[in-house]
Amino acid sequence: MPKSRIRKKADYTPPPAKQTAAIKLTNRAWVAPVMLALFLIGLAWIVVFYVTDGSLPIDQLGNWNIVVGFGFIAAGFGVSTQWK
């Protein structure tokens, strides 16, 4: 019986190397200090309001001073979403 022809296989070529996407590293060193500052300002605002029986920080706001203090704290949480 005659031999069949042997097909020559192509040499192995590795798959093309994946190009790494340039990772954009931005400097986020400002996030932690700003976040902590907002937390502390909000906490201090509320504490000062309670300690002075509502006469400070802003007398005209009355009990809305609590909302202002929690606003600073909420802003701190908003800034914390930028932390990586």
Side-chain angles (χ1 to χ4, degrees):
M1 180 152 266
K3 268 187 162 179
S4 63
R5 293 184 180 162
I6 299 174
R7 291 185 220 159
K8 186 175 182 181
K9 292 183 179 179
D11 293 334
Y12 173 75
T13 55
K18 294 181 182 177
Q19 293 181 352
T20 58
I23 298 173
K24 198 175 199 181
L25 295 176
T26 57
N27 187 2
R28 304 246 175 152
W30 60 271
V31 174
V34 171
M35 177 184 64
L36 290 176
L38 288 171
F39 286 155
L40 292 175
I41 290 170
L43 180 65
W45 194 287
I46 294 170
V47 167
V48 167
F49 174 72
Y50 277 117
V51 168
T52 61
D53 291 327
S55 63
L56 288 176
I58 301 175
D59 190 27
Q60 291 82 13
L61 288 180
N63 286 336
W64 284 98
N65 279 304
I66 298 170
V67 175
V68 172
F70 277 113
F72 278 112
I73 294 172
F77 280 113
V79 170
S80 72
T81 62
Q82 300 297 316
W83 196 6
K84 288 190 180 194

Would you give me the side-chain donor-acceptor pairs under 3.5 Å for residues 33-40, sequence neighbours excluded?
none

Indicate every side-chain donor-acceptor pair of residues 59-75 with a distance under 3.5 Å to a residue at least two apart or in another chain.
{"unit_1": "N65", "atom_1": "OD1", "unit_2": "W45", "atom_2": "NE1", "d": "3.2"}
{"unit_1": "N65", "atom_1": "ND2", "unit_2": "I58", "atom_2": "O", "d": "2.8"}
{"unit_1": "N65", "atom_1": "ND2", "unit_2": "G62", "atom_2": "O", "d": "3.0"}

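If you chain together hydrophobic residues whose side chains sit under 4.5 Å apart, I41 and V51 never meet in one group. Criterion: ILVMFWY side-chain heavy atoms under 4.5 Å apart, direct or through other members. Under it, Y50 and V47 are not part of a common hydrophobic cluster.
Across all non-hydrogen atoms, the minimal contact from Q82 to R28 is O-NH1, 2.8 Å.
Clustering of Ile, Leu, Val, Met, Phe, Trp and Tyr side chains at separations under 4.5 Å places L56 together with V48.
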